[in-house]
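Working notes, structure below.
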Amino acid sequence: MEQEKILVGWREWASLPGLGVPAIKMKVDTGARTSALHAFSIETFEEKGKERVRFAIHPLQKRRDIEISCVADIVDKRIVSDSGGHREKRIVIKTPIRIGDLTWDVEFTLTDRDTMRFRALLGRTAMESLFVVDPKKSFITGKSIEHEYLKYLTRKHK
């Protein structure tokens, strides 16, 4: 029996619990193959024989005062073409993502998305046939989550 697909909008609130990111607005992008996550101050290092990466993220647009430091295992390094056709070698991490009531592991490439409208992009590979996207709607899985996360982030980073 095939699992019923979840309806999502073209943008949704998500959390990345493995990175300590309680809220991030994502563009659900069926045109993008790879998922991307905003990152800066990217530094690779080795720990117990594993290649890891340390980076920071501003999870909310236009809020440079809120910064979260993250650490993750590196699963790959890939050449990725952005929407403008520019090729860039990026670090790939794998981390749990939560949208609505669903949590699953997703590979993200790390890149500076500071000038982009969204701090994260959920590409079609990460959707694993879990979703149906309604391009006319936004935040189907819960806009109220935004308010709770914003309160948490603002309180934590005052």
Side-chain angles (χ1 to χ4, degrees), residues 6-43 52-84 86 88-135 137-154 156-157:
I6 298 165
L7 182 66
V8 296
W10 71 274
R11 58 187 172 165
E12 292 290 342
W13 280 98
S15 65
L16 303 171
L19 298 176
V21 178
I24 191 162
K25 197 185 306 181
M26 286 203 168
K27 180 178 182 184
V28 179
D29 191 348
T30 59
R33 187 168 161 268
T34 308
S35 298
L37 180 64
H38 170 64
F40 61 96
S41 298
I42 299 171
E43 176 188 338
R52 304 196 78 200
V53 62
R54 185 179 295 120
F55 61 96
I57 180 171
H58 295 128
L60 302 175
Q61 297 157 259
K62 302 175 188 171
R63 293 292 305 264
R64 289 177 179 251
D65 60 317
I66 298 174
E67 183 176 307
I68 298 174
S69 297
C70 306
V71 176
D73 291 339
I74 295 173
V75 297
D76 199 4
K77 292 178 183 173
R78 295 185 194 138
I79 303 292
V80 177
S81 294
D82 66 17
S83 58
H86 305 101
E88 174 186 34
K89 188 169 189 175
R90 295 185 190 172
I91 291 171
V92 181
I93 64 167
K94 190 173 195 173
T95 191
I97 180 175
R98 181 173 179 85
I99 297 178
D101 294 329
L102 186 64
T103 303
W104 76 106
D105 287 342
V106 170
E107 286 188 355
F108 285 95
T109 63
L110 302 180
T111 188
D112 185 347
R113 296 184 55 82
D114 205 35
T115 60
M116 309 298 271
R117 282 188 62 204
F118 293 91
R119 294 293 187 230
L121 198 72
L122 188 66
R124 65 181 179 269
T125 304
M127 295 181 209
E128 299 181 3
S129 303
L130 298 170
F131 300 126
V132 173
V133 182
D134 185 336
K137 295 189 177 172
S138 298
F139 311 117
I140 293 172
T141 61
K143 187 146 173 88
S144 64
I145 294 169
E146 171 187 9
H147 303 296
E148 292 304 311
Y149 286 154
L150 290 175
K151 281 193 283 186
Y152 167 81
L153 289 170
T154 302
K156 186 174 179 180
H157 292 89

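Nothing here was measured: the structure is a model prediction, and the numbers come from that model.
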Self-check item: T141 side chain to W13 side chain, donor-acceptor N/O pair below 3.5 angstrom
Solution: no
Quiz item: Among L37, D105, L122, I24, which one satisfies side-chain contact (heavy atoms from CB on, under 4.5 Å) with I97?
Solution: L122
Quiz item: Is the closest side-chain heavy-atom distance between I74 and R52 below 4.5 Å?
Solution: no
Quiz prompt | Student check: side-chain heavy atoms of L19 and I93 closer than 4.5 Å | solution = yes
Quiz item: To the nearest 0.5 Å, how far apart are CG in D112 and OG in S41?
Solution: 9.5 Å
Practice problem: Identify the two heavy atoms, one from E12 and one from I140, that lie closest to each other, and give their separation to 0.1 Å. | Solution: OE2-N, 2.9 Å
Quiz prompt | Euclidean distance, K89 NZ relative to R78 CZ, rounded to 0.5 Å | solution = 12.0 Å
Quiz item: Are side-chain heavy atoms of S15 and I99 found at a separation under 4.5 Å?
Solution: no
Practice problem: Look up atom CG in D29 and atom OG in S35, then write down how far apart they are to the nearest 0.5 Å. | Solution: 9.0 Å
Self-check item: Residue pair F131, L102: steps toward the side-chain contact (heavy atoms from CB on, under 4.5 Å) verdict
Solution: CA-CA 11 Å; F131 300 126; L102 186 64; 4.1 Å; yes
Exercise. Check the pair T30 / M127 against side-chain contact (heavy atoms from CB on, under 4.5 Å), numbers first and verdict last.
Key: CA-CA 9 Å; T30 59; M127 295 181 209; 4.1 Å; yes
Quiz item: Can you find a pair of side-chain heavy atoms, one from R11 and one from F118, that are under 4.5 Å apart?
Solution: yes
Quiz prompt | Inter-residue atom distance I57.CD1 - R113.CZ, 0.5 Å rounding | solution = 10.5 Å
Practice problem: Would you please test E107 and T125 for side-chain contact (heavy atoms from CB on, under 4.5 Å) and show each step? | Solution: CA-CA 9 Å; E107 286 188 355; T125 304; over 6 Å; no
Quiz item: Given side chains that start at C-beta, do those of R33 and R124 come closer than 4.5 Å, heavy atoms only?
Solution: yes
Self-check item: Flag side-chain contact, heavy atom, 4.5 Å: H38 against H58
Solution: yes
Quiz prompt | W104 side chain near R98 side chain, heavy-atom distance below 4.5 Å | solution = no
Quiz item: With a 4.5 Å limit on heavy-atom distance, are the side chains of V71 and R54 in contact?
Solution: yes
Quiz item: Which value, rounded to the nearest 0.5 Å, describes the distance between D76 atom CG and R90 atom CZ?
Solution: 13.0 Å
Quiz item: For residues T111 and E88, is any side-chain donor paired with an opposing acceptor at under 3.5 Å?
Solution: yes
Quiz prompt | Between NZ on residue K25 and OG on residue S138, distance to nearest 0.5 Å | solution = 9.0 Å
Quiz item: Which pair of heavy atoms, one from A39 and one from L110, lies closest together, and at what distance?
Solution: CB-CB, 4.0 Å
Practice problem: Over all heavy atoms of both residues, which pair between G18 and P96 is shortest? Give the atoms and the distance, please. | Solution: CA-CD, 4.2 Å
